[in-house]
Number of protein chains: 4
Amino acid sequence: MAVGRLHKFEGILDAAVKVFAEHGYHGSQISKIAKEAGVADGTIYLYFKNKEDILVSLFRERLGRLIGKFEASARDSKSAEDALRTICALHYAELERHPLLAHVTQIELRQSALALRKEIGKTLKPYLRLIENVLLDGIASGAFRPELNVVLSRQLIFGAMDEAVSSWLLSERKYSLAAQVEGTVDFFLRALKS
Amino acid sequence: MAVGRLHKFEGILDAAVKVFAEHGYHGSQISKIAKEAGVADGTIYLYFKNKEDILVSLFRERLGRLIGKFEASARDSKSAEDALRTICALHYAELERHPLLAHVTQIELRQSALALRKEIGKTLKPYLRLIENVLLDGIASGAFRPELNVVLSRQLIFGAMDEAVSSWLLSERKYSLAAQVEGTVDFFLRALKS
Amino acid sequence: MAVGRLHKFEGILDAAVKVFAEHGYHGSQISKIAKEAGVADGTIYLYFKNKEDILVSLFRERLGRLIGKFEASARDSKSAEDALRTICALHYAELERHPLLAHVTQIELRQSALALRKEIGKTLKPYLRLIENVLLDGIASGAFRPELNVVLSRQLIFGAMDEAVSSWLLSERKYSLAAQVEGTVDFFLRALKS
Amino acid sequence: MAVGRLHKFEGILDAAVKVFAEHGYHGSQISKIAKEAGVADGTIYLYFKNKEDILVSLFRERLGRLIGKFEASARDSKSAEDALRTICALHYAELERHPLLAHVTQIELRQSALALRKEIGKTLKPYLRLIENVLLDGIASGAFRPELNVVLSRQLIFGAMDEAVSSWLLSERKYSLAAQVEGTVDFFLRALKS
DNA sequence: TATGAATGAGTCTTCATTCAT
DNA sequence: GATGAATGAAGACTCATTCAT
């Protein structure tokens, strides 16, 4: 029954994304999520330890998958420049394609206790490491400045993209996020290039 | 008794910064803040509409004051480059000097309902406008590239600094934030310069 | 405000005795007790740590008081025989006078987790010690058999009286419990006398 | 398939004794008992009406069997005195041999709603009647005092033995219960003899 | 103004019980 | 008969807010 089980697990996660996006984490009662998922309240607890576990799972499953995609596409790039462009393009495109998920990851997931933040940190770390590796590759190939502070730079790059997504969301998605890729990557490359 | 009133108002805000920083917004009971401030629970409601209003006031008062400082120092700068450097230096220095406030603004203030986010947005807007104006000055003076997307750039700059502060906080302030000013500003200027 | 506080504390305890007696511990919701006491649900928690604490307090306060009376009256007796008679008479009389309390102590208080049983044991211990001391006095004065096993005897005496009360309660108090004092004490004295 | 059926029924009862003894009635989930018995949760309901029915059945089956033994051994006694001694010896010995059952009957079975108590009463009644008959025999044979209140006496005797067992259990079985038979019976006989 | 005792709405979670397979 | 996933009712407890003093 593993298939049915997984199906219900994903169904609850889908419902949670929707409800969290609309009402925020603290405004989302388990009963609301259960109703949206078409299951009984108690059923939630057959798949998740508690309410917070839904949020953590959401992050791990959905954002983890996204970050996996970033890594895959970066691996296929032929240069550091190209990798950075690909990552940013994917980052913006994927969140633009999944605005509910974007809302949850940018807004709701920040609303959480320390315990959760640690989990989130764990999920994000591969992404930060990915950016760092791209920077190191660029330095090695001579594309990027050798004196670059890679730790600081990866923070600045991640923070910049993160804020671009948040601003787009808070503008109520009135413009295209994907259209910002060029400007963003141009900004980064000028900052990085030798 | 306006002076006494203001004094108590600030006292409660100080207590709130401390309690929020230690326990987070949702873990901070009004009674805890009242005890820390040395007043009765009910007294809080003579100065604030409700719990959320404390957070909003905190942001408006404390962060607003900070942003005022940024504006004043930018006004005294002799070039756009210099203004950007001054803003970043002050941004990092002030939050490093007030780690509790930093914690509350970077972590706790993000934990809030949409209504609050709008308020926060209002407080932050002058800061974003300030950055935008610096960019426009730089373009006008020929220091920055004329084709620069100022709206996007100000998002990237703010997001980058914001993440730098958050990373420093989550590292448990193991390194100096002020020491990151040079690297950060260098990153920005390379991205911006013509 | 200590007087008002004590008054409300006792009021809640009174309500709890009534509700526990009618519905049993597990059938008594906090809301039922609160309504009976004429206070809000939350008020209960200003006076008691949790639901079990009400039961523990009930035992400590009410039964403790009763046992105090037993001790006082035993102290005034002129012989061990007399003390035993006085204790039994008081034991039966008090519980007959307070049938709700009797119900709670004989029936409901037995329905509890180990943690509570320990508390109950603590409250009852002075009573068992009292009986033991009466037995020792009786042996010392030559009234009771010197070879008596006092520990066992005090168990048998307490258990016998306890069961007499329970049986009377389960009979729905169809007969007088006080009328059983003579028979009970006669039974004990024959068993104990030299 | 009556044999297989009975076997599973007894298996569940065995599991219930174990689980109740360890976790108490309210701490024992059906699922825990099912796992201990090696059956599915739902299977329990093919053999028992509901959770309380397990407790009632436990009492009826296991304690009923015990009481049957008491009756058989009393029937074989040649005098009332002897019967009383035999009953007490068996009572103590059997519960000492089956400490889990002892725990459940002395502690857990008391934790129950009125409905259950009535059922328990029904199971115990034959035992009380047995004691009563022994008393009547003793009076008839002149061994016991003719003016004895048999109803009260049987309560006192049962309560005394019951408490002796409970005390032994709560002492964590640090001493031999069987060793208390002599002292107990001696106590009773002195109280009863003419 | 200040107090803090009292309020009571709100919700996560448990677990006995059912029923489709 | 046997299973065990699903159900959903039920309730203890918290805490922001009020208001009589």
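When reading the values below, keep in mind they use all heavy atoms of this one structure, side chains included, and skip hydrogens, waters and symmetry mates.
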Asks: Considering non-hydrogen atoms only, spot the tightest contact between B:Leu100 and B:Ala21 and give its length.
Replies: CD2-CB, 3.6 Å
Asks: Expressed as a whole number of angstroms, how long is the span from A:Lys35:NZ to F:dG8:C1'?
Replies: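 Distance, rounded to whole Å: 13 Å.
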Asks: Given atom NZ of C:Lys32 and atom C1' of F:dA10, what is their separation to the nearest angstrom?
Replies: 12 Å
Asks: Can you tell me if B:Tyr25 uses its side chain to pair, donor with acceptor, with the backbone of B:Leu55 under 3.5 Å?
Replies: no
Asks: For DNA chain F, what are the stems built from at least three Watson-Crick or G-U pairs in a row, each pair having both distances below 3.5 Å?
Replies: E:2-21 with F:2-21
Asks: What is the separation between atom CD1 on C:Ile44 and atom C1' on F:dC15, rounded to the nearest whole Å?
Replies: 17 Å
Asks: How close do C:Ala16 and C:Ile54 get, counting heavy atoms only, and between which atoms?
Replies: CB-CG2, 3.6 Å
Asks: Using only atom types and a distance under 3.5 Å, with no angle test, would you say the side chain of C:Lys8 pairs donor to acceptor with the backbone of C:Val39?
Replies: no
Asks: Once you round it to whole Å, what is the distance between C1' of E:dA2 and CZ of B:Phe48?
Replies: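 Result: 16 Å.
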Asks: What is the minimum heavy-atom distance between A:Ile12 and A:Ile33, and which atoms define it?
Replies: O-CG2, 4.2 Å
Asks: Can you sort out the partners of A:Lys125 under salt bridge (Lys or Arg N to Asp or Glu O under 4.0 Å), two or more places apart, ordered by chain and number?
Replies: none
Asks: Partners of A:Glu10 by salt bridge (Lys or Arg N to Asp or Glu O under 4.0 Å), sequence neighbours excluded?
Replies: A:Arg62, A:Arg65
Asks: For A:Leu6 and F:dA5, what is the distance between atoms CG and P respectively, to the nearest whole Å?
Replies: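 Roughly 15 Å, once rounded to whole Å.
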Asks: Under 4.0 Å: is that the gap between some side-chain N or O of A:Lys8 and OP1 or OP2 of F:dA6?
Replies: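 Affirmative; the distance criterion is met.
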Asks: Can you give me the N/O atom pairs linking the protein to nucleotides 8-12 of chain E at distances under 3.5 Å, or say none if there are none?
Replies:
unit_1	atom_1	unit_2	atom_2	d
E:dG8	N7	C:Gly42	N	3.1
E:dT11	OP1	A:Gln29	NE2	2.7
E:dC12	OP1	A:Lys51	NZ	3.2
E:dC12	OP2	A:Ile30	N	3.1

Asks: Given F:dG1, is OP1 or OP2 found less than 4.0 Å from the side-chain N or O atoms of D:Arg5?
Replies: yes
Asks: With sequence neighbours excluded, tell me which residues meet salt bridge (Lys or Arg N to Asp or Glu O under 4.0 Å) with C:Lys51.
Replies: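 For C:Lys51, no residue satisfies salt bridge (Lys or Arg N to Asp or Glu O under 4.0 Å) once neighbours in sequence are set aside.
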Asks: Can you run down the side chain to side chain donor-acceptor pair (under 3.5 Å) pairs that involve residues 35-45 of chain C, sequence neighbours left out, and say none if there aren't any?
Replies: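 The answer is C:Lys18-C:Glu36.
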Asks: For the pair made of OH in B:Tyr25 and P in F:dT14, what is the distance, rounded to whole Å?
Replies: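 Value for this atom pair: 19 Å.
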Asks: Please state how far atom OH in D:Tyr47 lies from atom P in E:dA16, giving the value in whole angstrom units.
Replies: 20 Å
Asks: Would you mind reading off the distance between B:Ile33 atom CD1 and E:dG4 atom C1', rounded to a whole angstrom?
Replies: 16 Å
